[in-house]
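Quick note: numbers below take in every heavy atom, side chains included, and nothing from hydrogens, waters or symmetry partners. One-based numbering along the sequence shown.
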Amino acid sequence: MTTKTPPESLLNEKKSLKDEIISLGSDLMYPSESDEKIEYFEMEVSTDEKLSLANFRMYNGIRPEIEIEEIDFESFFKPLIKAEDWFGEDEKKWAEDSLKLKQLLTEKLKEIKILKVGRIEIDVYLFGKSEKRKWEGIKTKLIET
């Protein structure tokens, strides 16, 4: 008796958002002065409450004097999905995986926020409300001098 493997779309439905982010983002780096890894991020905060900047600071241990700036979704992904003529196979796959990550996050998250925390060495958090009723997404680091 042979066992059929379900199509990839059915396999993805069984994966958690965390697993999907990790599998797509495992080789992705965010381009800046120091290319940094993109990682899974979550906050154990009830999604029933509105997430204020003060709550974000408190749940993530960010001191009040540290600068936080909100940026838009398209600006965050622009350097990740931009394809260049000179791209080889690795770069093309990287851009394709970045686009898949963007699509995954827009499909699975609501009320998406992108926050840049700090100056020069900047922590960036992209997160939203997930189906599991928690705040999930990705984080990375930018170096801007």
Side-chain angles (χ1 to χ4, degrees), residues 3-47 49-57 59-63 65-145:
T3 306
K4 286 189 175 182
T5 304
E8 188 174 332
S9 60
L10 289 177
L11 290 173
N12 285 343
E13 287 178 21
K14 295 178 183 176
K15 280 185 173 180
S16 70
L17 179 58
K18 178 180 180 178
D19 290 340
E20 289 185 79
I21 288 172
I22 290 170
S23 70
L24 274 176
S26 64
D27 294 328
L28 293 179
M29 306 285 259
Y30 197 87
S32 72
E33 291 180 34
S34 166
D35 295 346
E36 297 289 335
K37 197 163 185 47
I38 293 175
E39 302 173 340
Y40 173 76
F41 169 75
E42 73 178 44
M43 287 188 298
E44 293 296 330
V45 181
S46 168
T47 58
E49 63 183 89
K50 187 86 170 155
L51 187 68
S52 68
L53 237 52
N55 285 344
F56 178 80
R57 285 180 186 279
Y59 291 119
N60 292 286
I62 300 167
R63 296 185 319 271
E65 67 273 10
I66 295 177
E67 183 179 316
I68 295 181
E69 174 189 359
E70 190 163 355
I71 62 172
D72 72 274
F73 193 76
E74 295 303 321
S75 297
F76 176 84
F77 273 99
K78 188 175 182 177
L80 286 167
I81 61 176
K82 184 179 178 184
E84 299 287 352
D85 294 339
W86 55 266
F87 275 8
E89 291 306 310
D90 289 342
E91 291 87 359
K92 286 178 184 175
K93 182 176 180 342
W94 187 70
E96 289 170 11
D97 286 348
S98 297
L99 185 56
K100 287 177 187 175
L101 180 62
K102 178 184 178 187
Q103 291 168 336
L104 173 71
L105 295 172
T106 54
E107 288 172 11
K108 301 285 185 172
L109 299 175
K110 302 207 181 327
E111 297 182 37
I112 294 175
K113 289 188 179 291
I114 305 172
L115 301 176
K116 290 172 68 174
V117 179
R119 295 184 64 204
I120 301 173
E121 289 188 27
I122 303 165
D123 293 315
V124 181
Y125 300 86
L126 183 160
F127 59 94
K129 289 182 180 182
S130 71
E131 295 167 351
K132 298 219 178 215
R133 304 196 44 77
K134 62 182 174 181
W135 295 96
E136 294 182 271
I138 58 175
K139 68 177 180 177
T140 190
K141 187 177 281 292
L142 298 176
I143 307 294
E144 294 179 349
T145 56

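- Looking at residues two or more places apart in sequence or on another chain, you find no salt bridge (Lys or Arg N to Asp or Glu O under 4.0 Å) involving Glu121.
- Considering only heavy atoms from C-beta on, Leu51 comes within 4.5 Å of Met43 through its side chain.
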Side chains of residues 65-73: which donor-acceptor pairs under 3.5 Å do they make with residues two or more places apart or in other chains?
from  : atom 1 : to    : atom 2 : distance (Å)
Glu65 : OE2    : Arg63 : NE     : 2.6
Asp72 : OD1    : Ser75 : OG     : 2.6
Asp72 : OD2    : Glu74 : N      : 3.2
Asp72 : OD2    : Ser75 : N      : 3.1
Asp72 : OD2    : Ser75 : OG     : 3.3

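- In this structure, Ser32 and Ile143 approach most closely via the heavy-atom pair OG-N, 3.1 Å.
- Classification of the Phe56-Phe127 ring pair by plane angle, with boundaries at 30° and 60°, yields parallel.
- Rounding to the nearest 0.5 angstrom, the gap separating the CG atom in Leu17 from the CD atom in Glu107 is 10.5 Å.
- Distance alone, capped at 3.5 Å, is enough to place a donor-acceptor pair between the Thr140 side chain and the Lys37 backbone.
- Other residues, nucleotides and ligands contribute at most 12 non-hydrogen atoms within 6.0 Å of the CG atom of Asp27.
- Leu109 approaches Gly128 most closely through the heavy-atom pair CD2-O, 3.6 Å.
- Between Asp123 and Asn60 there is no side-chain heavy-atom pair separated by less than 4.5 Å.
- The CH2 atom of Trp135 sits 5.0 Å away from atom NZ of Lys129, with the distance rounded to the nearest 0.5 Å.
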Starting from the C-alpha separation in whole Å, work towards a yes-or-no answer on side chain to side chain contact (heavy atoms under 4.5 Å, CB included) for Ile21 and Ile38. CA-CA 9 Å; Ile21 288 172; Ile38 293 175; 5.7 Å; no

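- To the nearest 0.5 angstrom, Ile138 atom CD1 is 12.0 Å from Ile22 atom CD1.
- No donor-acceptor pair under 3.5 Å is formed between the side chain of Glu20 and the backbone N or O of Leu104.
- Smallest separation of non-hydrogen atoms from Ser98 and Phe77: O-CE2, 3.8 Å.
- With sequence neighbours left out, the salt bridge (Lys or Arg N to Asp or Glu O under 4.0 Å) criterion links Lys82 to Glu84.
- Between Glu42 and Lys132 there is no salt bridge, since none of the side-chain N atoms of the basic residue sits less than 4.0 Å from a carboxylate O of the acidic one.
- Within the structure, every pair that satisfies the ring pair (Phe, Tyr, Trp, His ring centres under 6.0 Å) test and touches residues 14-34, not counting sequence neighbours, is listed here: Tyr30-Phe76.
- Rounded to the nearest 0.5 Å, atoms CG (Leu142) and CG (Asp35) are 10.0 Å apart.
- Here Glu144 contributes atom CD and Glu33 contributes atom CD; the two are 7.5 Å apart, rounded to the nearest 0.5 Å.
- Tested against Tyr40, the residues Lys139, Lys18, Glu136 include a single side-chain hydrogen bond (donor to acceptor under 3.5 Å, both in side chains) partner, Glu136.
- Residues satisfying the salt bridge (Lys or Arg N to Asp or Glu O under 4.0 Å) criterion with Lys93, sequence neighbours excluded, are Asp97.
- Of the inter-residue distances, the one linking Glu39 atom CD with Lys141 atom NZ reads 10.0 Å to the nearest 0.5 angstrom.
- Remark: Lys113 engages no residue in a salt bridge (Lys or Arg N to Asp or Glu O under 4.0 Å) (not counting sequence neighbours).
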